[in-house]
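What follows is a single structure, written as structure tokens, with notes after it.
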Amino acid sequence: MRVLVTGGAGFIGCQIVRALEANGHEPVVYDVRAHPGSDVRDPGAVGRAVAGVDAVCHQAAMVGLGAGFADAAEYVSRNDLGTAVLLTAMAESGVRRLVLAGSMVVYGEGRYTCERHGVVRPGPRAVDDLDAGRFEPTCPRCGADLSPGLVAEDAPADPRNVYATTKLAQEHLAAAWARATGGSAVSLRYHNVYGPGMPRDTPYAGVASFFRSALARGEAPRVFEDGGQRRDFVHVRDVAAANVAALEAGSPEGALTAYNTGSGEPHTVGEMARALAAAYGGPEPAVTGEYRLGDVRHITADSARLRAELGWKAETAFEEGMREFAHAPLGTG
């Protein structure tokens, strides 16, 4: 299979390229870092890139929470306009297979259970609570403590920041393309991806990169809130394998299928910082109590559908992955 990989020179994209080659496919890289002028928003360039491929693996995106609303237009342009241009070129050239880099951020807060009211959906956390160090969401009906759980793909979407909103819009665009063309679209909703080549300390890097970059400078990783935020840290090679599995699968035509893509091993941000610092050789993380308003408290995946339908499972255990990542080279963005 000849596969166009947008963002194919990036952190996740380059691992997908390697995985495709290892499985006998022919990847075609489309990335401004590798080929100047390869902007996914350029209809002419995208049209030429799509011609002659069997499928598209769409990884190109502006990622991360960002520093505020000032980046909103750039996020929408790169992620949503870029996706619309790509899908238009695919429709015109007859390419009918798409795998999209989705994200768990479309869910907003994760799944919570109240002892009295069952499954509930807490709203955004209040600034007063965050300032006071009250980080855990409470039941919106009675104010009681909640128990966090795993989020399945049928959970309602509730994006809490601009980036999350653009990732949900990408899925809607892909679903509309699939209905209009009879194409097959898969969205892999990545959880917290980490591993070799992860972009170093930038405003859009993931928390694992920030911690790793701090350790390389001889500084203590700075852990926001109280470090109790639950996440699912999934290795980049496992994510690449999920993309290959999705490309090779006979997915339903005329619709988009979403799959959570996580390790299935929830850990707190504090646990991750401590594991990484221990593997690197210190210094110990510093819990700061700071917060970012657009962050959610707990979000962890139920990836059972991906395992059952595509036969994929994460192969890299948390401890093993952190030991490797502690000494792996970082990328430049």
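As the structure is a prediction and not an experimental result, all values here were calculated from the model.
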Shortest non-hydrogen separation from Arg41 to Val85 and the atoms involved
O-CG2, 3.8 Å
Tell me whether Glu136 contacts the main-chain N or O of Gly228 through its side chain, where contact means a donor paired with an acceptor under 3.5 Å.
no
Any donor and acceptor pair, going by atom type alone, linking the side chain of Lys167 with main-chain N or O of Asn79 inside 3.5 Å?
no
Does Asp71 offer a backbone N or O that forms a donor-acceptor pair with the side chain of Glu74 under 3.5 Å?
no
Connected via hydrophobic side-chain network under 4.5 Å: Val244 and Tyr190:
yes
Following the transitive rule for hydrophobic clusters with a side-chain heavy-atom cut-off under 4.5 Å over Ile, Leu, Val, Met, Phe, Trp and Tyr, establish whether Leu100 and Trp312 coincide in one cluster.
no
Glu115, CD atom: more than 12 neighbouring heavy atoms under 6.0 Å
no
Inter-residue atom distance Ile12.CD1 - Gln59.CD, 0.5 Å rounding:
6.0 Å
Step by step, would you call His191 with Phe233 a ring pair (Phe, Tyr, Trp, His ring centres under 6.0 Å)?
CA-CA 7 Å; His191 280 245; Phe233 300 99; over 10 Å; no
Separation between CG (Asp39) and OG1 (Thr6), nearest 0.5 Å, reads 11.0 Å
I'd like to know whether CZ of Arg217 has more than 12 heavy-atom contacts from other residues, nucleotides or ligands below 6.0 angstrom.
yes
4.5 Å side-chain heavy-atom contact, Phe224 and Val207
no
Closest heavy-atom contact between Gly108 and Arg160?
CA-CG, 3.8 Å
Taking the side chain as every heavy atom from C-beta outward, state whether Met198 and Phe325 have any atom pair closer than 4.5 Å.
yes
Here the pair of heavy atoms bringing Phe11 nearest to Gly195 is CE1-O, 3.6 Å
Cationic N near anionic O, under 4.0 Å, Glu171 to Arg189:
yes
Ionic contact status for Glu109 with Arg297, cut-off 4.0 Å
no
Does the His327 side chain pair with the main chain of Ala279, one donor and one acceptor, at a distance under 3.5 Å?
yes
Under 3.5 Å side-chain donor-acceptor pair for His235 and Glu315:
no
Could you check if a side-chain atom of Leu20 sits within less than 4.5 angstrom of a side-chain atom of Leu247, using non-hydrogen atoms only?
yes
So, Asp232 versus Thr300: side-chain donor-acceptor pair below 3.5 Å or not?
no
Can Trp177 and Thr83 be said to form a side-chain contact (heavy atoms from CB on, under 4.5 Å), step by step?
CA-CA 10 Å; Trp177 164 84; Thr83 299; over 6 Å; no
Do Asn260 and Ser303 pass the side-chain contact (heavy atoms from CB on, under 4.5 Å) test, and can you show the C-alpha distance, the side-chain angles, and the key distance before you say yes or no?
CA-CA 5 Å; Asn260 288 333; Ser303 299; 3.9 Å; yes
Does Arg97 reach the side chain of Val56, with side-chain heavy atoms less than 4.5 Å apart?
no
For Tyr291 and Asp131, which I'm curious about, is there any donor-acceptor pair between the side chains at under 3.5 Å?
yes
Please give me the minimum heavy-atom distance between Asp238 and Thr316, naming the atom from each residue.
OD2-N, 3.1 Å
What closest approach, in Å, do Val151 and Gly110 show between heavy atoms, and which atom pair accounts for it?
CG2-CA, 3.6 Å
Can any side-chain N or O of Arg222 pair as donor or acceptor with the backbone N or O of Ala214 at less than 3.5 Å?
no
Does Val28 offer a backbone N or O that forms a donor-acceptor pair with the side chain of Arg2 under 3.5 Å?
no
Can you tell if the side chain of Ile299 reaches within under 4.5 Å of the side chain of Arg231, non-hydrogen atoms only?
yes
If only atom types and distance count, is the side chain of Tyr280 paired as donor or acceptor with the main-chain N or O of Ala275 below 3.5 Å?
no
Rounded distance (nearest 0.5 Å) linking atom CG of Leu256 with atom CZ of Arg179:
9.0 Å
Tell me whether Val3 shares a hydrophobic cluster with Met90, the cluster being built from Ile, Leu, Val, Met, Phe, Trp, Tyr side chains joined at under 4.5 Å.
no
Value rounded to 0.5 Å, distance of CD in Gln15 from CG in Asn243
11.0 Å
Begin with the C-alpha distance, continue with both residues' side-chain angles, and end with the deciding distance and a verdict on side-chain contact (heavy atoms from CB on, under 4.5 Å) for Thr138 and Tyr112.
CA-CA 9 Å; Thr138 56; Tyr112 293 88; over 6 Å; no
About how many Å separate CD of Glu219 and CZ of Phe211, when rounded to the nearest 0.5 Å?
13.0 Å
Donor-acceptor pair, distance only, cut-off 3.5 Å: does the side chain of Glu324 make one with the backbone of Met322?
no
Contact summary for Val106 and Ala164, nearest pair of heavy atoms:
CG1-O, 4.2 Å
Using only atom types and a distance under 3.5 Å, with no angle test, would you say the side chain of Thr113 pairs donor to acceptor with the backbone of Gly118?
no
Give, for atom CZ of Arg307 and atom OG1 of Thr261, the distance between the pair rounded to the nearest 0.5 Å.
11.0 Å
Contact between Leu306 and Leu188 at the side-chain level, heavy atoms closer than 4.5 Å - yes or no?
yes
Would a 4.5 Å heavy-atom cut-off, applied to side chains only, mark Met272 and Tyr194 as touching?
no
Side-chain donor/acceptor of Ser77 to backbone N/O of Ala73, under 3.5 Å
no
Between Ile16 and Val186, is there shared hydrophobic-cluster membership here, with clusters defined by ILVMFWY side-chain heavy atoms closer than 4.5 Å?
yes
Looking at Glu253 and Arg96, is any side-chain nitrogen of the basic one under 4.0 Å from a carboxylate oxygen of the acidic one?
no
If hydrophobic clusters are built by linking Ile, Leu, Val, Met, Phe, Trp and Tyr wherever their side-chain heavy atoms come under 4.5 Å apart, do Leu150 and Val296 end up in the same one?
no
Verdict with supporting geometry, Val269 and Glu225, side-chain contact (heavy atoms from CB on, under 4.5 Å):
CA-CA 10 Å; Val269 171; Glu225 300 187 19; over 6 Å; no
From the list Asp129, Asp145, Asp226, salt bridge (charged side-chain N to carboxylate O under 4.0 Å, His left out) with Arg134 holds only for Asp129
Quick one: are Pro122 and Leu146 in side-chain contact, heavy atoms under 4.5 Å?
yes
